[in-house]
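Each chain gets a letter, A, B and so on, in the order its sequence line appears, and its residues count up from 1. Values below: every heavy atom of this structure, side chains too, minus hydrogens, waters and symmetry copies. Since this is a predicted model, take the numbers as computed values, not measurements.
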There are 2 protein chains.
Amino acid sequence: MHVATASRALNPDTRSLVSSTTAERVLQAAKALDYRPNPIARSLRTARTETVGLVIPDLTNPLVPPMVRGVADVLAPAGYDAWIVNTDNDPDREIAQIESLRDKQVDGLIVATARLEHPLLEQLHDEGVRIVLANRLLGAGRIPSVTADNAAGSALAVDHLVALGHRRIAHVSGPQTLSTGLVRRRGYLHAIRDHGLPEDPELLVTCAAWTEEEGARAFGSLLDSGVEFTAVVAGHDRVALGCYDALAARGLSCPGDMSVVGFNDMPFMDKMRPALTTVRVAHYEVGAEAARLLLDSFADPGRPARGVLLQPTLVIRSSTAPPA
Amino acid sequence: MHVATASRALNPDTRSLVSSTTAERVLQAAKALDYRPNPIARSLRTARTETVGLVIPDLTNPLVPPMVRGVADVLAPAGYDAWIVNTDNDPDREIAQIESLRDKQVDGLIVATARLEHPLLEQLHDEGVRIVLANRLLGAGRIPSVTADNAAGSALAVDHLVALGHRRIAHVSGPQTLSTGLVRRRGYLHAIRDHGLPEDPELLVTCAAWTEEEGARAFGSLLDSGVEFTAVVAGHDRVALGCYDALAARGLSCPGDMSVVGFNDMPFMDKMRPALTTVRVAHYEVGAEAARLLLDSFADPGRPARGVLLQPTLVIRSSTAPPA
DNA sequence: TTGTATGCGTTATCAG
DNA sequence: CTGATAACGCATACAA
């Protein structure tokens with residue numbers, strides 16, 4: 001029995017090149033000897049690794065693990081594994097990590113970091129590297145991407161508050177260097193306009209980061225400014241929690257004095273007091289869909305880039321009520 | 001210039017075998033050509049991958065990501081990367097994942113799944129596979145491991161409640177098939193005894209899983225049983241949240257009617273109402289220390305197994321108060 | 001249908 | 001100190 005024949009018999013794709021009897025014998029022997037193919041040798045020969053790089057900002061951000069699971073769960077049945085790397089939102093680290101992944105010969109890349117620009121990714125894409133963007137839109141959709149429809153999410157929040165009877169609705173937005181920060185604010189503004197409400201720049205404040213501290217600071221300054229309003233759309237659940245803190249510090253109640261809507265539906269938001277009304281983003285589905293796009297691009301390299309927009313939903317809990 | 005020489009010059013370990021002038025030339029050329037060594041070819045030749053397998057139950061469990069970061073942050077400076085795989089607590093899946101990692105030729109394994117027994121791990125260890133256990137004790141310490149001192153954590157909780165004046169303290173324990181469930185209960189019992197309090201079996205209930213639902217069910221049955229007590233040590237933060245629910249459902253207040261202590265200090269436990277007093281486990285450190293043990297075992301294969309016990313701390317918030 | 005030969009990119013051994 | 005050569009385990013082009 002000779003090694004090339006065995007190789008053909010073991011590989012489902014080439015098994016037809018071998019007689020069924022010898023194929024059978026090889027399979028038997030393989031089982032008997034507990035033979036395990038060496039993926040490293042295979043990869044050296046084929047220049048494929050059945051592996052994709054998954055570039056995320058930080059695994060300890062509660063939004064990330066569901067997305068990672070979505071990726072892994074879709075890749076696994078196709079025989080692919082994911083290499084996970086954290087960038088900590090450091091551009092240099094991101095570049096280094098991506099280069100390291102390329103050295104490892106990953107077959108493709110799913111990039112889920114949120115910064116708005118990244119020339120390296122465009123360049124890699126032009127060089128033929130298979131890339132899918134998750135949670136971030138880049139360029140004019142030349143690179144396939146999967147994101148939540150953040151503008152629609154903001155509109156969902158505004159619609160809900162308007163239906164409750166609110167007319168003066170504030171927005172605490174995030175860094176405008178993040179696609180989420182930018183698009184959620186834009187969605188809020190469009191929705192306000194669509195409802196025929198006045199667009200008051202005084203009702204718009206901006207956080208330097210998606211944190212509770214920044215949320216409390218920015219929303220606190222709005223509360224202290226004397227501007228009148230009865231509800232707020234926060235650009236992020238963490239910011240919404242910061243709004244809670246700012247209200248509590250001023251003896252105001254939610255939703256009695258102020259309705260608050262968050263964004264993302266992170267774990268435990270249903271356990272807050274009050275339980276947070278928020279825009280739910282299906283992060284698992286973002287990851288799963290990104291993995292599907294990547295697998296598609298493996299199967300059909302010529303396929304044009306698709307951009308997938310996932311529709312968020314509103315989860316109504318106890319932080320919103322009609323205005324007093 | 002000839003390939004073997006270049007290889008020697010590029011590798012810091014063998015660079016001394018080459019004249020400094022040619023080494024310099026090689027390094028220059030490598031930079032000029034943007035040469036990137038192929039780790040796959042290297043691994044095929046050396047039978048080492050600079051990679052460790054990290055076996056976890058489920059990335060979406062909030063306790064897990066900090067541990068993963070601890071592992072990754074310690075491995076990275078040593079030039080190692082981690083392959084992360086989820087088992088979803090399925091023994092068959094765990095076996096399959098570990099075999100797949102071995103096929104990929106990982107240099108070592110960090111296993112963080114929580115079941116009490118696993119013959120495969122002992123067998124692999126005996127075969128010379130480098131393994132470190134995280135969050136689980138196995139056998140008689142033959143395999144190096146890193147865990148929180150769960151018994152000490154339970155004692156911390158009991159000590160705190162006793163200091164507040166509580167005398168009848170219940171415990172909601174977890175599955176006794178999990179090392180955490182077992183050891184935390186044992187720690188509670190020892191602490192009760194150490195304080196000279198009566199060991200009342202009626203004060204002990206058990207959950208079938210570390211979930212809020214099970215916590216609410218088990219603790220609710222205890223509340224309904226008519227047994228008198230003023231405080232409860234929950235074996236897990238999720239169980240503690242279940243206790244909150246059971247109390248609320250019966251019109252009881254925390255900490256007014258009942259003090260509650262959790263275990264783990266998961267994210268957002270400081271945001272609960274009341275903010276949860278809980279035993280904090282340094283999961284990042286568990287991962288970091290596990291990675292250190294593994295790196296040690298690479299450096300010195302003969303080194304005897306060490307078992308590291310990390311001391312938890314008590315975080316006192318608003319869910320505990322003197323008895324009424 | 002099967003065997004033979006070659007090469008993937010690197011490192012280690014052995015001469016020179 | 002450096003060059004030549006072989007080998008890691010597998011997959012494929014080609015020959016039989």
Colleague: Checking all strands, does B:S43 fall into the base, sugar-phosphate, or nothing category for heavy-atom contacts under 4.0 angstrom?
Modeller: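 Touches nothing.
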
Colleague: Take atom CZ in A:R93; do more than 12 heavy atoms of anything else shown fall under 6.0 Å from it?
Modeller: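 Enclosed: over 12 neighbouring heavy atoms sit under 6.0 Å from CZ of A:R93.
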
Colleague: Under a 4.0 Å threshold between the charged nitrogen and the carboxylate oxygen, would A:D103 count as salt-bridged to B:R42?
Modeller: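 Salt bridge absent between B:R42 and A:D103.
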
Colleague: Roughly, in whole Å, what's the span from CD1 in B:I40 to C1' in D:dA11?
Modeller: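 Going from CD1 in B:I40 over to C1' in D:dA11 covers 15 Å.
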
Colleague: Check for a donor-acceptor pair, side chain of B:S43 on one end and backbone N or O of B:R48 on the other, with a separation under 3.5 Å.
Modeller: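 Pair found, side chain donor or acceptor close to backbone of B:R48.
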
Colleague: Has B:D90 got a side-chain atom pairing as donor or acceptor with B:D92's backbone, closer than 3.5 angstrom?
Modeller: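 Yes; at least one donor-acceptor contact below 3.5 Å.
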
Colleague: Determine, for nucleotides 7-16 of chain C in 5'-to-3' order, which nucleotides have protein heavy atoms under 4.0 Å from the base (write B), from only the sugar-phosphate (write S), or from neither (write -).
Modeller: BBBBBBB---

Colleague: Is a side-chain donor-acceptor pair under 3.5 Å present for B:T21 with B:S19?
Modeller: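 Indeed, the side chains of B:S19 and B:T21 share at least one donor-acceptor pair under 3.5 Å.
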
Colleague: Between A:R102 and A:E99, does at least one N-O distance fall below 4.0 Å, as a salt bridge requires?
Modeller: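 Looking at A:E99 together with A:R102, the answer is no, because their closest N to O distance does not fall below 4.0 Å.
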
Colleague: To the nearest angstrom, how far is B:H2 atom NE2 from D:dT2 atom P?
Modeller: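 Rounding to the nearest Å, NE2 of B:H2 and P of D:dT2 are 11 Å apart.
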
Colleague: On the nucleotide C:dT1, are OP1 or OP2 found under 4.0 Å from the side-chain N or O atoms that A:T5 carries?
Modeller: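 No, no such contact exists.
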
